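Here's the structure we're looking at; comments come further down.
The first residue in the sequence is number 1, and the count goes up from there. Keep in mind the model is a prediction, meaning the values are calculated, not measured.
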Amino acid sequence: MCSWCGHTEKANRPTQEYFACRSCGVVAHADRNAARNIAARAEHVWAAVNQPHAADTQGAPAASLAL
């Protein structure tokens with residue numbers, strides 16, 4: 001997957017170490033492209049994990065919500 005535009009195509013990797021996106025034309029070392037993809041996924045997961053959790057109030061009796 002291209003870390004710049006998200007395009008996925010097997011032909012983007014003509015060799016093991018070379019990455020050339022057929023959609024946006026970016027050329028990069030395959031490891032650099034993979035590192036950018038991993039970093040983007042980690043950032044997305046980190047943001048999701050660090051979201052505040054709201055109390056589950058659906059179907060819970062009013063007495064159980066009181067502190």
Please tabulate, for the side chains in residues 17-29, all donor-acceptor contacts under 3.5 angstrom to protein atoms that are two or more places apart in sequence or on a different chain.
from: Arg22; atom 1: NE; to: Ala11; atom 2: O; distance (Å): 3.3
from: Arg22; atom 1: NH2; to: Ala11; atom 2: O; distance (Å): 3.2
from: His29; atom 1: ND1; to: Asp31; atom 2: N; distance (Å): 3.1

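Residue pairs meeting the side-chain hydrogen bond (donor to acceptor under 3.5 Å, both in side chains) criterion with at least one partner in residues 7-16, sequence neighbours excluded, are His7-Glu9.
A donor and an acceptor atom, one from each side chain of Ser3 and Asn33, are located under 3.5 Å apart.
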